[in-house]
Amino acid sequence: MKRILKYIISFSFLFACYQTLQAQKGTILPSYLMVGTDVAYIGMSIFNPERSQFEINTSLDVYKFLLSIDYGLAEWNIQKPNFTYLNKGNYYRIGVDYNLQARDPDQNIFYVGLKYAHSNFIEDFSYQVTDPFYYDYENNINNADISAGWFEANIGMKVKVWKGLYLGWVGRFKFAKSVNYPPSSFENYWIPGYGKGENDTQWGFGYQILYRIPFRKKPPFNEKKVKEEK
Amino acid sequence: MLFSRCETTDCITFSSRFVSVQFLDTATSNPKAIEFSLITAIDSEVIFYSDTLSSQYYLPVNTDSEQTTFLFLNIDNSIDTLSLIYDKKEKLISEDCGFDLLFNNVEIEFTTFNKAESLGNDLSRLNEENIKIYH
């Protein structure tokens, strides 16, 4: 008898979930894709001839969540009289944001999220030493096939400025970094998408321009039932 | 050792290329001044010390190698050697500060001194001594 009761309760629960999903179907399925780029990186690439970086940011809405994928390319070429340093690679971020303003009629987005990020890159370091005690020499260290992974907790905002055009900012706290570095006497200096290799945690900020490409009209989310006591 | 011009406090480094060698009395373990006609190293054409009397010597390692052999010419014209091995690391501090060479885990490879020991530490301006030689 107990077993039958357990089945009935389980079935009722599953049926209730299914009915809720059916009712909410219109708000769950994606209604738009947002595509953008980080304008700070574009500015840096224009004004700093040693550095170039380009990043594409995408997100797809699912219910109140945003499935987010970013991809970036970065190169840093330092040329100094006694050393040169080249870092070249790519990176991606993948994760989920939660839109805290999903009911906003103006479709502005205020979100928090968690992402996994990964980078593949190379480092090439050459230097010259003028030694007053022994002899002058040059050395070159080339480390290829370096990879790094880390997590990012982020908070950000995307504000509608005109039709589908949005401006946004994002703050990222990067943590739990692991680097797959070849045996080398040179210490990893930079990780594309992360920052300085010696830092166990890292803050990052982005300023984005984005465009919203709608697929369909999304019905409004159910309003919260508020009991008004008179 | 920093190889570039530094303008900010972030460029401060405590790394060093100098190994600190302390001579101690075998019986008392107190510092003992030892006289040498000269001190130099294999691969170097520079005399680091000449006609010197001291209990502590600061000797530059070869930064292009992970091994340096120092030669101590005694006043009786006999020669003692001290060969050190260490790990060399290159570290880029920043674009403006330049790079740093680090020498870690200094150990004695061989020596003709009767008794010598290494503290196994890094070459740093914060470490007072790296090698103890009992004489």
Side-chain angles (χ1 to χ4, degrees), chain A residues 44-45 47-53 74-89 121-143 146 179 181-192 194-200 202, chain B residues 1-8 10-11 13 15-19 21 38-50 57-71 83-105 122-123:
Chain A
M44 180 186 73
S45 303
F47 294 108
N48 187 344
E50 290 185 340
R51 296 186 70 169
S52 65
Q53 188 160 350
E75 184 172 336
W76 193 358
N77 196 346
I78 303 173
Q79 300 279 341
K80 295 285 181 184
N82 63 340
F83 74 92
T84 62
Y85 171 77
L86 172 68
N87 184 309
K88 194 174 182 180
F121 60 104
I122 60 150
E123 281 189 316
D124 188 282
F125 181 64
S126 296
Y127 63 96
Q128 300 89 46
V129 171
T130 305
D131 191 332
F133 297 105
Y134 291 83
Y135 47 86
D136 300 344
Y137 63 93
E138 296 179 1
N139 205 354
N140 173 258
I141 300 154
N142 184 283
N143 291 331
I146 313 165
V179 183
Y181 207 75
S184 172
S185 60
F186 182 68
E187 287 189 16
N188 170 219
Y189 179 63
W190 195 259
I191 301 170
Y194 181 83
K196 238 180 169 181
E198 68 180 3
N199 295 341
D200 291 331
Q202 182 93 34
Chain B
M1 174 170 43
L2 212 61
F3 289 91
S4 197
R5 189 166 57 96
C6 300
E7 293 177 345
T8 65
D10 290 335
C11 295
T13 174
S15 63
S16 168
R17 68 174 295 176
F18 290 91
V19 61
V21 179
L38 68 86
I39 303 174
T40 186
I42 292 175
D43 293 329
S44 175
E45 293 177 353
V46 176
I47 294 170
F48 306 143
Y49 291 92
S50 65
Y57 294 94
Y58 295 94
L59 307 175
V61 296
N62 185 352
T63 63
D64 188 33
S65 173
E66 293 195 325
Q67 191 259 5
T68 302
T69 300
F70 297 105
L71 305 172
S83 183
L84 303 179
I85 51 171
Y86 39 85
D87 300 326
K88 176 187 171 184
K89 289 262 179 197
E90 294 92 349
K91 184 179 181 180
L92 182 54
I93 306 291
S94 72
E95 190 176 359
D96 292 328
C97 293
F99 67 95
D100 205 1
L101 298 180
L102 309 171
F103 305 95
N104 304 327
N105 307 319
D122 306 335
L123 298 190

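Only heavy atoms go into these numbers, but all of them, side chains included; no hydrogens, no water, no symmetry mates.
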Atom pair CD/CZ of B:Glu95 and A:Arg51 - distance to nearest 0.5 Å: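 The CZ atom of A:Arg51 is 8.0 Å from CD of B:Glu95, to the nearest 0.5 Å.
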
Taking the six-membered ring for Trp and the full ring for Phe, Tyr or His, determine whether the centres of B:Phe99 and A:Tyr85 are under 6.0 Å apart.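 That pair fails the under 6.0 Å test.
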
Of the backbone (N, CA, C, O) and the side chain (C-beta and beyond), which part of [X] lies under 4.5 Å from a heavy atom of chain B, both, or neither?
X	answer
A:Pro81	neither
A:Trp76	side chain
A:Tyr189	side chain

Full working for side-chain contact (heavy atoms from CB on, under 4.5 Å) between B:Thr63 and A:Tyr137: CA-CA 9 Å; B:Thr63 63; A:Tyr137 63 93; 2.7 Å; yes

For B:Glu90, does its backbone N or O pair with a side-chain atom of A:Ser185 as donor and acceptor, under 3.5 Å? no

Report the C-alpha distance between B:Lys89 and A:Glu187 in whole Å, list the side-chain angles of each, state the deciding distance to 0.1 Å, and finish with yes or no for side-chain contact (heavy atoms from CB on, under 4.5 Å). CA-CA 7 Å; B:Lys89 289 262 179 197; A:Glu187 287 189 16; 4.2 Å; yes

Locate the shortest heavy-atom distance separating B:Ser44 from A:Phe133; write the atom from each residue and the value.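 Minimum heavy-atom contact is OG-O, 2.5 Å.
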
Shortest non-hydrogen contact from B:Asn62 to A:Tyr135?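 That would be ND2-OH, 3.3 Å.
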
For B:Tyr86, check side-chain hydrogen bond (donor to acceptor under 3.5 Å, both in side chains) against everything at least two apart and list the hits.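 Scan of B:Tyr86 (side-chain hydrogen bond (donor to acceptor under 3.5 Å, both in side chains), adjacent residues dropped) gives B:Thr68.
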
Non-neighbouring partners of B:Ser83 that pass side-chain hydrogen bond (donor to acceptor under 3.5 Å, both in side chains), sequence neighbours left out: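 With sequence neighbours excluded, B:Ser83 shows a side-chain hydrogen bond (donor to acceptor under 3.5 Å, both in side chains) to B:Gln67, B:Thr69, B:Glu109, given in chain and number order.
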
Please evaluate residues A:Val129 and B:Asp64 with respect to the criterion side-chain contact (heavy atoms from CB on, under 4.5 Å), reporting the C-alpha separation (whole Å), side-chain torsions for both, the decisive distance (0.1 Å), and the verdict. CA-CA 9 Å; A:Val129 171; B:Asp64 188 33; over 6 Å; no

For the pair A:Phe186 and B:Lys91, evaluate side-chain contact (heavy atoms from CB on, under 4.5 Å) and give the outcome as yes or no after the intermediate values. CA-CA 6 Å; A:Phe186 182 68; B:Lys91 184 179 181 180; over 6 Å; no

Just so I understand: if I count every heavy-atom pair under 4.5 Å between each of B:Glu45, B:Lys88, B:Glu66 and chain A, which residue has the most?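 Answer, by heavy-atom pair count under 4.5 Å with chain A: B:Lys88.
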
Less than 4.5 Å apart, side chain to side chain, heavy atoms only: is that true for B:Leu92 and A:Phe83? yes

Proximity breakdown for B:Ile42 and chain A, heavy-atom pairs closer than 4.5 Å: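 For B:Ile42, the backbone is the part near chain A, not the side chain.
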
